[in-house]
Amino acid sequence: MSERIFIGVAWPYANGSLHLGHIAGAYLPADIFARYHRLKGNEVLMVSGSDQHGTPITLRAEQEGKKPQQITAIYHEEFLGCWQKLGISFDRFTTTGTQNHHQLAQHFFLTLLEKGYIYKDTMALLYCPRCRRFLPDRYVEGTCPYCHSPGVRGDQCDVCGKPLNPLDLIDPHCRICAALPEVRESEHFFLRLSAFNQELLEWVKGNTHWKQNVLNFTINLLTEGLKDRAITRDIEWGIPVPVPGFDEKRIYVWFEAVIGYLSASKEWANSVGDEQRWRDFWQGDARSYYFIGKDNIPFHTIIWPAMLMGYGGLNLPYDVPANEFLTLEGRPLSTSRNWAVWLPDYLERYDPDPLRYFLSANMPESGDTDFSWREFLRRNNDELVATYGNLVHRVLTLTYRSFEGRVPPPGELDERSKALLGKAEDALATVDGLLYRCRFREAMRTAMSLAQEANRYLDEKSPWKRMNEESATTLYTALLVISNLKTLFYPFLPFSSQKLHRLLGFEGQVEDGGWTPAELPAGQRLAPPEPLFAKLEEEIEARETAKLRGSRG
RNA sequence: CGCGGGAUAGAGCAGUGGCAGCUCGUCGGGCUCAUAACCCGGAGGUCGUUGGUUCGAAUCCAACUCCCGCUACCA
């Protein structure tokens, strides 16, 4: 009866810190989904890893006089720290730098080559004689051939918006050393995407449970027709092409990184001492979900499925619930302009759950959404603290004081109390259904309305007026409801749920209780009450926005 | 140019054919157990524009306006 759920999450590029956009787009929804399924008693494997290869890391390493490995190691460590502090519960977070991944990527490459899905061809590229390297499109600068704006990049003109071929630039020069690049022929391998066009289209059209935007976007690309893409590059940092005579070339990151989902799964299997166990999540009736941002859609709905079709014997994605983007104070996040709230910075100064709450309530599920410090404070102070935190606190303090720190023994439940407990069970069922379908915002809203319902119940019952048997029953009922809230909020707010678990006098982990109606032994000793969440001072808004604008480059 | 998303109360959003909803804010009241928190009630919207389909449209169709993003390694 238990289901097997594979969760792949976008691979962060190990060239910079994580910011709130990454979290809202991919990591938080993935983690909510994973925690929910684990609570349901399903088997979950959630993996990702640092993407270590590619030109930007090479250049950065050169600028800083380091080796690429040093750069990626720093950020990989930082990522691991962030997952821990934010509670992103990966079963395995590896890197594309492992020997296992190199071998698997090469094996994958060779398999597709043998099957004729990869072929050799020649292409013309720009080569910088001074840097002695081939230049990726965006490392060539020149004048736009369409609008004649100077200083545009080789991949796209920022002024007129046209996509460019760097060979068409007027007066091209190397962005690194300003030398005049020359055109050189280079032999590369191409992925025969065109061969999968029809099969992909039929498969995608059958995936009616996908989000509208993901489905439409993918179908459009497939209808326009796929072009074969080069999957090797003339660079030195990356996975070697496993073919004689190609020693100078590397596998292109977009081909290699997605294979990481499989290599991470195999590394996980080895780590649990059963090297075949990855198959549980990649074959048979296991379902795979890929949590990514919208920019990553083609890689997960077209390229990776095509690679899997070509390779054979592995499950295609069941769902790719891609999110839209998060903006910051109304403007797109921008690493280069330093317009971002960086995760390590946030986690140094604030708790994880308020952020998880905000981003869950405000998740860009169907359209772009905005993070602003004002809204963050409002959500924390006026919703999380006021409704849920305060409910918990008022119930716990009243009970603790009136019943000697123990769960009071209830009398017979009246209709009102039964109705409230009924609503708690309804909420469990509703949130279950919503989370199953990746409707995170609505799921959390539903949990919150149970907290409101419980506040209403307390007001009607007013157990503080006189402490008698009826108020014992009332508080018992209220304790039961907040114990259910602990479960309902656990996927979103794992740290607070665990804390509430402890405050209610339980040992062990929330996860052990499963997605089931709470039970509470009368007489159980409660922990001394303390607030579940802290209110945040209004000054934070001014301080943080000033900091943001000040850091803007 | 092409493609995608969006335009609904002061703010942020949900709602894909049947009397326009939610959270916050605001105004009034109640409560006093609780982190000035909680509960109740009110005010507030010609659902971007124009035209069409329909007994009936925020919801379907057409055209248009404005905003955001993407165009294949920024979630």
Side-chain angles (χ1 to χ4, degrees), chain A residues 9-13 15-16 18-30 51 53-57 136 138 146 155-156 160-163 212-214 216-217 220-221 224 226-227 229 252-257 291-299 302-303 322-327 330-336 340 361-362 364-370 372 374-375 378-379 381-383 385-387 389-399 401-402 441-442 445 448-449 451-452 454-465 467 471 475 478 529-535:
Chain A
V9 199
W11 289 54
Y13 199 50
N15 187 34
L18 295 160
H19 56 58
L20 263 35
H22 297 106
I23 304 309
Y27 304 101
L28 180 60
D51 181 359
H53 300 130
T55 309
I57 285 177
R138 40 202 274 232
Y146 302 102
D155 52 348
Q156 181 187 357
C160 70
K162 280 200 199 302
Q212 261 320 299
N213 56 344
V214 176
N216 291 345
F217 186 56
N220 281 337
L221 289 174
E224 282 169 24
L226 299 178
K227 283 191 235 123
R229 307 286 304 187
Y252 200 13
V253 289
W254 65 250
F255 178 86
E256 160 253 300
F291 286 87
I292 56 167
K294 65 177 167 185
D295 57 302
N296 241 325
I297 291 173
F299 291 98
I302 294 178
I303 292 175
N323 272 340
E324 305 281 315
F325 283 144
L326 189 76
T327 55
R331 304 172 27 172
L333 285 133
S334 165
T335 305
S336 53
N362 235 25
E365 282 179 69
S366 55
D368 293 354
T369 58
D370 187 53
S372 69
R374 169 178 285 287
E375 275 292 293
R378 188 191 66 69
R379 291 258 189 207
N381 294 351
D382 301 337
E383 293 182 13
V385 173
T387 304
N390 182 55
L391 168 72
V392 168
H393 199 52
R394 66 196 297 213
V395 171
L396 287 177
T397 48
L398 190 58
T399 310
R401 240 187 286 122
S402 311
R441 280 158 55 129
E442 202 179 342
R445 175 98 284 288
M448 198 52 100
S449 27
Q452 288 173 315
N455 272 319
R456 201 168 298 136
Y457 169 82
L458 281 180
D459 273 47
E460 286 173 25
K461 289 283 187 184
S462 308
W464 50 85
K465 280 185 177 155
M467 269 313 144
S471 37
L475 286 174
E530 50 184 282
L532 206 48
F533 306 102
K535 209 163 176 178

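Each chain gets a letter, A, B and so on, in the order its sequence line appears, and its residues count up from 1.
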May I ask you to say what [X] touches in the nucleic acid, namely base, sugar-phosphate or nothing, with a heavy-atom cut-off under 4.0 Å?
X	answer
A:Glu324	base
A:Arg441	sugar-phosphate
A:Phe533	base
A:Gly54	nothing
A:Leu326	base
A:Leu532	base
A:His19	base

Does the side chain of [X] get closer than 4.0 angstrom to OP1 or OP2 of [N] through an N or O atom?
X	N	result
A:Ser366	B:A14	yes
A:Arg378	B:U23	no
A:Lys535	B:A37	yes
A:Asn220	B:G4	yes
A:Arg456	B:C40	yes

Q) Is any N or O donor-acceptor pair between the side chain of A:Asn390 and the base of B:A37 shorter than 3.5 Å? A)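 Side chain to base: no pair present.
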Q: Tell whether A:Asp368 reaches the base of B:G6 with its side chain through a donor-acceptor pair below 3.5 angstrom.
A: no
Between [N] ([atom2]) and [X] ([atom1]): distance, integer Å:
X	N	atom1	atom2	answer
A:Asp382	B:C22	CG	P	18 Å
A:Leu333	B:C68	CG	P	15 Å
A:Asn455	B:C40	CG	P	9 Å

Span that lies between the [atom1] atom of [M] and that of [N], in whole angstrom:
N	M	atom1	answer
B:A7	B:G18	C1'	24 Å
B:G30	B:G6	P	45 Å
B:C68	B:C31	C1'	46 Å
B:C22	B:A36	C1'	25 Å
B:U16	B:A58	C1'	9 Å
B:U49	B:C55	P	25 Å
B:U54	B:G42	P	39 Å
B:U8	B:G48	C1'	10 Å

(Q) For A:Phe255 and A:Arg229: C-alpha separation, side-chain torsions, deciding distance, then whether side chain to side chain contact (heavy atoms under 4.5 Å, CB included) applies. (A) CA-CA 10 Å; A:Phe255 178 86; A:Arg229 307 286 304 187; over 6 Å; no
**Q.** Selected nucleotide, minimal atom distance to A:Lys294 side chain, candidates B:C39, B:G69, B:A34
**A.** B:G69
Q) Under 5.5 Å between ring centres and under 30° between planes: true for A:Trp464 and the base of B:C33? A) yes
Q. Is a salt bridge present between A:Glu442 and A:Arg445, judged by a nitrogen-to-oxygen distance below 4.0 Å?
A. no
